[in-house]
Amino acid sequence: MYRFFEDRKFEGNTNLKEETLHHLKNVIRINDGEEFQVVFEDGIFSFAYFDEKIKKIGRVEDSNESKVRLSLFFGVLKNNKSEDVLRHATEIGVCDFYPVLMDRTISDLSKKVDKKKERFQKIVESAAKQSKRDIIPIVHDIIKTDDILNFKGDIVLCYEDENKNQLGEITSNLGDNIGLVIGPEGGISDRELKVLKDAKKVGLGKRILRAETAAITASFYIIHAKECE
């Protein structure tokens with residue numbers, strides 16, 4: 001079943017955004033009587049077309065969101081790799097994204113910050129629709145490593161040279177508000193390790209993962225492990 005988002009309350013108003021109507025009629029070509037869902041600020045409702053008119057079927061009570069609120073702090077990656085992280089981590093269940101300009105970040109976004117953020121948010125919204133999320137995760141403004149310390153929750157730092165503690169060994173000790181930190185292609189600098197000295201530093205196994213692979217894999221593991229508790 002298809003799912004869409006409206007940035008308003010429902011209040012009995014079935015006039016959906018032109019973008020949504022276009023997608024229903026011209027892209028997926030929804031059939032008469034076929035149901036679809038729309039997420040409003042005051043709930044999720046199911047609808048269907050009958051004789052070219054949208055009619056409400058009922059309220060959707062089940063939630064697809066996790067009890068875990070995972071925020072992903074990821075070093076900005078080159079090319080389209082950041083977009084891959086946003087897309088797949090949204091499908092997995094990440095709630096907030098914080099692109100981070102880290103000491104070893106290669107990609108230069110200084111001249112296109114606003115355009116990049118807008119594109120990032122559109123990618124997240126598209127992935128949220130596809131994966132039937134109840135929310136559209138937020139892509140926050142680009143920050144620096146030191147700003148991660150403002151996060152209120154458990155901070156988990158994935159570090160390729162960590163051999164003592166592995167991610168799977170600490171998830172049961174984490175709360176439901178978690179900040180996951182993944183470095184860029186060049187990894188975490190010594191200075192950043194000192195800045196994040198109070199974070200829970202963990203490894204992701206014996207093999208070295210690409211930054212985008214680490215972000216997606218660690219996000220899935222944390223959310224899945226906490227949901228299975």
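Bear in mind that the values here come from a model prediction, so they are computed numbers and not experimental data.
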> If Ile, Leu, Val, Met, Phe, Trp and Tyr residues are connected whenever their side-chain heavy atoms lie under 4.5 Å apart, and connections chain through other members, are Phe4 and Ile30 in the same group?
Replying inline: yes
>> Quick check: do Val38 and Phe45 have side-chain heavy atoms less than 4.5 Å from each other?
In response: no
> Does Lys81 pair with Asp84 as a salt bridge, N-O distance under 4.0 Å?
Replying inline: no
> Roughly how far, to the nearest 0.5 Å, is the NZ atom of Lys129 from the CD1 atom of Ile136?
Replying inline: 7.0 Å
> What pairs with Tyr221 under side-chain contact (heavy atoms from CB on, under 4.5 Å), at least two apart in sequence or on another chain?
Replying inline: Leu167, Thr171, Ala225
>> Between Thr105 (side chain only) and Leu101 (backbone N and O only), is there a donor and an acceptor less than 3.5 Å apart?
In response: no
> Honestly curious: do Leu16 and Ile57 fall in one hydrophobic cluster under the side-chain, below-4.5 Å linking rule?
Replying inline: no
>> Run the side-chain contact (heavy atoms from CB on, under 4.5 Å) test on Phe36 and Arg3 for me, step by step, so that the C-alpha distance in whole Å, both residues' side-chain angles and the decisive distance to 0.1 Å come before the verdict.
In response: CA-CA 6 Å; Phe36 60 94; Arg3 176 168 287 193; over 6 Å; no
> Hey, does the side chain of Lys17 reach the backbone of Phe5 with a donor-acceptor pair shorter than 3.5 angstrom?
Replying inline: yes
> What are the two closest non-hydrogen atoms of Ala89 and Phe97, and how far apart are they?
Replying inline: CB-CE2, 3.5 Å
> To the nearest 0.5 Å, how far apart are CD in Glu18 and NE2 in His22?
Replying inline: 10.5 Å
> Are there more than 12 heavy atoms of other residues, nucleotides or ligands under 6.0 Å from atom CZ of Arg8?
Replying inline: yes
> Cluster question for you: counting only ILVMFWY and a side-chain heavy-atom cut-off of under 4.5 Å, with indirect links fine, are Ile123 and Val139 together?
Replying inline: yes
> Taking Asn64 for the side chain and Asp134 for the main chain, is one N or O donor matched with an acceptor at less than 3.5 Å?
Replying inline: no
> How many angstroms lie between OH in Tyr98 and CG in Asp141, if you round to the nearest 0.5 Å?
Replying inline: 10.0 Å
>> So if I apply the side chain to side chain donor-acceptor pair (under 3.5 Å) rule between Arg133 and each of Glu65, Glu125, Glu91, which one comes out positive?
In response: Glu65
Side-chain polar contacts of residues 172-186 - donor-acceptor pairs under 3.5 angstrom, sequence neighbours left out - could you list them?
{"unit_1": "Asn177", "atom_1": "ND2", "unit_2": "Lys152", "atom_2": "O", "d": "2.5"}
{"unit_1": "Glu185", "atom_1": "OE2", "unit_2": "Lys78", "atom_2": "N", "d": "3.0"}

> Does CG belonging to Asp51 count more than 12 external heavy atoms closer than 6.0 Å?
Replying inline: no
>> Test salt bridge (charged side-chain N to carboxylate O under 4.0 Å, His left out) on Asp146 and Arg191; report intermediate values, then the result.
In response: CA-CA 10 Å; Asp146 299 59; Arg191 185 194 73 83; 3.3 Å; yes
>> Would the distance check show the side chain of Asn13 and the main-chain N or O of Asn15 forming a donor-acceptor pair, the cut-off being under 3.5 Å?
In response: yes
> Is there a path from Ile54 to Ile44 through hydrophobic residues (I, L, V, M, F, W, Y) whose side chains come within less than 4.5 Å of each other?
Replying inline: no
>> Quick one, Leu193 and Leu157 - any side-chain contact, counting heavy atoms below 4.5 Å?
In response: yes
> Counting N and O atoms only, with roles assigned by atom type, does the side chain of Thr90 sit under 3.5 Å from a partner on the main chain of Leu86, one being a donor and the other an acceptor?
Replying inline: yes
Mind listing the side-chain donor-acceptor pairs of residues 66-74 below 3.5 Å, one per line with the distance, residues two or more places apart or on another chain?
{"unit_1": "Ser66", "atom_1": "OG", "unit_2": "Val68", "atom_2": "N", "d": "3.0"}
{"unit_1": "Ser66", "atom_1": "OG", "unit_2": "Glu227", "atom_2": "OE2", "d": "3.1"}
{"unit_1": "Lys67", "atom_1": "NZ", "unit_2": "Lys226", "atom_2": "O", "d": "3.2"}
{"unit_1": "Arg69", "atom_1": "NE", "unit_2": "Asp96", "atom_2": "OD2", "d": "3.2"}
{"unit_1": "Arg69", "atom_1": "NH2", "unit_2": "Asp96", "atom_2": "OD2", "d": "2.7"}

> Short question: side chain of Gln121, backbone of Pro137 - any donor-acceptor pair under 3.5 Å?
Replying inline: yes
>> Using modelled atom types and a 3.5 Å cut-off, is there a donor and acceptor pairing between side-chain atoms of Glu192 and backbone atoms of Thr145?
In response: no
> What closest approach, in Å, do Ala215 and Val85 show between heavy atoms, and which atom pair accounts for it?
Replying inline: CB-CG1, 3.9 Å
> Rounded to the nearest 0.5 Å, what separation is found between the CD atom of Glu11 and the CZ atom of Phe40?
Replying inline: 10.0 Å
> What's the spacing between Arg87 CZ and Ile216 CD1 if we round to 0.5 Å?
Replying inline: 9.5 Å
>> Can you confirm whether more than 12 heavy atoms, excluding those of Arg210, are under 6.0 Å from its CZ atom?
In response: no
> What about Ile142 and Ile148, same hydrophobic cluster or not, with Ile/Leu/Val/Met/Phe/Trp/Tyr joined at side-chain heavy-atom distances under 4.5 Å?
Replying inline: no
> side-chain contact (heavy atoms from CB on, under 4.5 Å) between Thr14 and Lys55: does it pass, once the steps are laid out?
Replying inline: CA-CA 7 Å; Thr14 59; Lys55 295 185 178 180; over 6 Å; no
>> Show, in sequence, the C-alpha distance, side-chain angles and deciding distance for Lys201 and Asn165, and conclude whether the side-chain contact (heavy atoms from CB on, under 4.5 Å) test is met.
In response: CA-CA 7 Å; Lys201 192 166 63 174; Asn165 298 309; over 6 Å; no
> Which heavy-atom pair separates Ile135 from Cys95 by the least distance, and what is that distance?
Replying inline: CD1-SG, 4.2 Å
> Of Glu34, Glu35, Gln37, His23, which meets side chain to side chain contact (heavy atoms under 4.5 Å, CB included) against Tyr2?
Replying inline: Glu34
> If we only count heavy atoms from C-beta on, is the Leu196 to Leu149 side-chain gap below 4.5 Å?
Replying inline: yes
> Roughly how far, to the nearest 0.5 Å, is CG of Asn163 from NZ of Lys206?
Replying inline: 10.5 Å
>> One pair to check against side-chain contact (heavy atoms from CB on, under 4.5 Å): His88 and Glu212. What are the steps and the verdict?
In response: CA-CA 10 Å; His88 297 305; Glu212 64 272 25; over 6 Å; no
>> With a sphere of 6.0 Å drawn around CD of Glu52, does it hold more than 12 non-hydrogen atoms of other residues, nucleotides or ligands?
In response: no
> Does the Gln166 side chain pair with the main chain of Gly205, one donor and one acceptor, at a distance under 3.5 Å?
Replying inline: yes
